[in-house]
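Written out below as structure tokens is the structure these notes cover.
Nothing fancy with the numbering, it's 1 onward along the sequence.
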Amino acid sequence: MIDRLKKLYDKYEEVIAYLFWGVLTTLVNVAIFSGLHLFTNINYMVNNFIAWVISVLFAYITNKAYVFHSPSKSFVSDLKEMGSFFCGRVATLVIEWILLWIGISLMHQNQILVKIFENIVVIILNYFWSKWAVFKNSTNRNQPKQGR
């Protein structure tokens, strides 16, 4: 049983790590938004933008280090990689807004259900953007793990 679980973990380690760090990224986003809301008089849209930027930066760092194991080659290559990561997140943020608008404003669906649906779509799109566009040249990916 333990060997079977270990094999499943090894097979899906990248996805499991992505989901784990994604949950923490969400917590960072909500904590920053909540803290700004509680302790400042800044507009909620500005608070949301600040929380989004910090949480996407957190996501980049954790995805680079713990999900896709992308080595740092140079400052310039890291900036390009980070730029690609942020561009992907901006694109999915726009998709998020569009799906919310369609689901809530045009189709008059339950806001929470639409938010859950759009989050699933965005998480999947972010994963594949990161895997295929941002961290595609990571040397440590798709290689057998040592000592397993």
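Between Lys6 and Asp10 the shortest side-chain heavy-atom distance falls below 4.5 Å. Between Tyr60 and Glu81 there is a side-chain heavy-atom pair separated by less than 4.5 Å. For the pair Leu57 and Val53, the minimum side-chain heavy-atom distance is 4.5 Å or more. Counting heavy atoms from C-beta outward, Asp78 and Lys64 have side chains that approach closer than 4.5 Å. Contact annotation: the side chain of Leu24 never approaches that of Thr62 to less than 4.5 Å [non-hydrogen atoms, C-beta and beyond]. A heavy-atom distance below 4.5 Å is found between the side chains of Ser130 and Arg89. At least one side-chain heavy atom of Tyr18 sits less than 4.5 Å from a side-chain heavy atom of Asn126. Counting only heavy atoms from C-beta outward, the side chains of Leu99 and Val114 never approach each other to under 4.5 Å.
Following chains of ILVMFWY side-chain contacts shorter than 4.5 Å, one can reach Phe68 starting from Leu19, so the two form part of one hydrophobic cluster. No path of Ile, Leu, Val, Met, Phe, Trp and Tyr side chains, each step under 4.5 Å between heavy atoms, connects Ile120 with Ile104, placing them in separate hydrophobic clusters. Note on Val122 and Trp132: separate hydrophobic clusters, where clusters join Ile, Leu, Val, Met, Phe, Trp and Tyr whose side-chain heavy atoms are under 4.5 Å apart, directly or indirectly. Under a hydrophobic-cluster definition in which Ile, Leu, Val, Met, Phe, Trp and Tyr are linked whenever side-chain heavy atoms come within less than 4.5 Å, directly or via other members, Phe39 and Val30 are assigned to different clusters. In terms of hydrophobic clustering, with Ile, Leu, Val, Met, Phe, Trp and Tyr side chains grouped at heavy-atom distances under 4.5 Å, Tyr66 and Ile54 are assigned to a common cluster.
The closest donor-acceptor contact from the side chain of Asn119 to the backbone of Lys115 lies under 3.5 Å. Not a single donor-acceptor pair under 3.5 Å links the side chain of Asn48 to the backbone N or O of Tyr44. Thr92 places no side-chain N or O within donor-acceptor distance of the main-chain N or O of Ile95, the cut-off being under 3.5 Å. At distances below 3.5 Å, at least one donor-acceptor pair connects side-chain atoms of His69 with backbone N or O atoms of Ala65. Formation of a donor-acceptor pair under 3.5 Å by the Glu96 side chain with backbone atoms of Val94 is not found in this model. Using a distance-only test at 3.5 Å, with no hydrogens or angles considered, no donor-acceptor pair links the side chain of Ser105 to the main chain of Ile102. A donor-acceptor pair is defined here as one N or O able to donate and one able to accept, closer than 3.5 Å; no such pair exists between the side chain of Ser84 and the backbone of Lys80.
Here the CG-CZ distance, from Leu93 to Phe49, works out to 9.0 Å after rounding to the nearest 0.5 Å. To the nearest 0.5 Å, atoms CG (Leu125) and CD (Glu118) are separated by 10.5 Å. Within the model, atoms CZ of Phe58 and OG1 of Thr25 stand 5.0 Å from one another, a figure rounded to the nearest 0.5 Å.
For Ile112, the CD1 atom counts as loosely surrounded, since its 6.0 Å shell holds 12 or fewer non-hydrogen atoms of other residues, nucleotides or ligands. No more than 12 heavy atoms of other residues, nucleotides or ligands sit less than 6.0 Å from atom CZ of Phe117.
Between Phe85 and Phe135, the two ring planes are tilted [angle within 30° to 60°]. The aromatic rings of His37 and Phe33 sit parallel to each other, their planes meeting at less than 30°, with 60° as the upper class boundary.
Side-chain contact check for Glu14 and Tyr127: at least one donor-acceptor pair (N or O, by modelled atom type) lies under 3.5 Å.
In plain terms, the two heavy atoms of Asn29 and Ser55 that are nearest each other are ND2-OG, 3.1 Å.
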